[in-house]
Amino acid sequence: MTSPFSLVLDAQCALGEGPVWSGTEQALYFVDIKGMKLHRFEPEAKRHTTIGLSEEIGCFAIRKDGGFVAGLRSGVWHLAPDGERIAMLAPNPEPTATNRFNDGRTDPRGRFFLGTIDEKKAGGTAGLYRFDRRGLAKIESGIWTSNGLAFSPDGRIMYHSDTPAHTVYAYDYDVETGEATNRRVFARLEPKGDDKGRPDGAAVDAEGCYWSALYEGGRVQRYSPKGELLGEYPVPAMCTTMIAFGGDDLKTLYVTSARDGRPAEELERLPHSGGVFSMRTDVPGLPEPQFDPQV
Ligand SMILES: O=C1O[C@H](CS(=O)(=O)O)[C@@H](O)[C@H](O)[C@H]1O
């Protein structure tokens with residue numbers, strides 16, 4: 001099946017994740033978790049720079065006051081624009097030998113939600129957290145791989161996935177308090193034969209549809225606000241990891257991918273695995289709120 005996606009950047013990431021579009025800079029930031037790098041790419045100028053870090057970076061958000069808030073293996077950090085550590089904002093509350101921060105995203109007010117991964121798949125030891133001026137608060141436990149964070153256009157629904165559980169959840173969200181309640185199943189992706197695709201990172205578009213990157217699924221799915229599967233879009237990489245809408249009209253859907261641990265045959269067939277791909281959409285995405293340390 002031909003793919004609607006084009007290769008944007010042949011980044012060869014071990015574990016490309018966490019794309020964030022900066023409208024002011026017209027640049028796409030993303031991480032290579034296992035490569036311990038923060039990437040910045042300007043699609044128009046085709047300018048690509050990287051910042052090397054000393055530990056895995058699972059996720060980040062651009063700060064209103066400059067630099068980044070980031071979920072590293074050791075904890076939540078304030079990073080300077082050049083990636084230098086300014087301060088640890090909260091330690092990783094889980095055993096850092098096996099659990100690191102993974103997917104993250106800001107809510108509409110600029111709070112930072114981020115979750116962890118149980119790398120040993122020991123049995124749901126990972127969790128979901130909120131970081132704001134009150135500090136780090138646990139939202140959910142018993143998770144295997146925290147992923148798929150996104151918010152509805154009106155900010156009243158928070159989405160979250162647990163990848164190995166093949167499940168996307170929805171919460172009622174109160175943007176005034178940052179409280180997420182009434183967790184329920186939004187969508188389940190049952191394994192079918194050889195298809196091990198499972199919901200990794202995600203983004204919501206202006207119609208409230210949930211776009212999900214499937215790890216080991218080689219495709220991106222679009223769900224209606226009611227959880228109905230509306231479409232599937234093959235990507236020339238088996239392990240798609242997260243989605244961001246960018247471009248001056250937010251109608252360019254970017255997806256990151258991974259190549260670490262993939263079979264040699266697959267990498268030969270899909271040589272740009274680990275790269276960043278894009279396709280144009282009819283419906284724009286939502287602008288990514290910056291982290292606000294005052295909220
Ligand atoms: O986001 C991620 O998810 C994948 C998928 S799974 O946990 O193996 O189901 C994981 O491998 C990757 O390390 C993580 O960043």
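As a basis for the values below, the full set of heavy atoms in this structure was taken, side chains included, without hydrogen atoms, waters or symmetry mates. Keep in mind it's a predicted model, so treat the numbers as computed, not measured. Atoms within a ligand are numbered from 1 in the order they appear, just like the ligands themselves.
- The 4.0 Å heavy-atom shell around ligand 1 contains residues L15, E17, I33, R100, N102, I117, K121, T145, N147, T163, P164, R198, D200, Y215, ordered by chain and number.
- Not a single donor-acceptor pair under 3.5 Å links the side chain of R222 to the backbone N or O of L230.
- In this structure Y233 satisfies the ring pair (Phe, Tyr, Trp, His ring centres under 6.0 Å) test together with W211, sequence neighbours excluded.
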Does the pair E140 and Y171 meet the rule for a side-chain hydrogen bond (donor to acceptor under 3.5 Å, both in side chains), with working shown? CA-CA 11 Å; E140 201 71 55; Y171 291 80; 2.6 Å; yes

Step by step, would you call E55 with S74 a side-chain hydrogen bond (donor to acceptor under 3.5 Å, both in side chains)? CA-CA 8 Å; E55 59 180 287; S74 60; 2.8 Å; yes

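- Of the candidates N147, T241, T145, N147 is the only one forming a side chain to side chain donor-acceptor pair (under 3.5 Å) with D200.
- The backbone N or O of L189 lies less than 3.5 Å from a partner atom in the side chain of H166, making a donor-acceptor pair.
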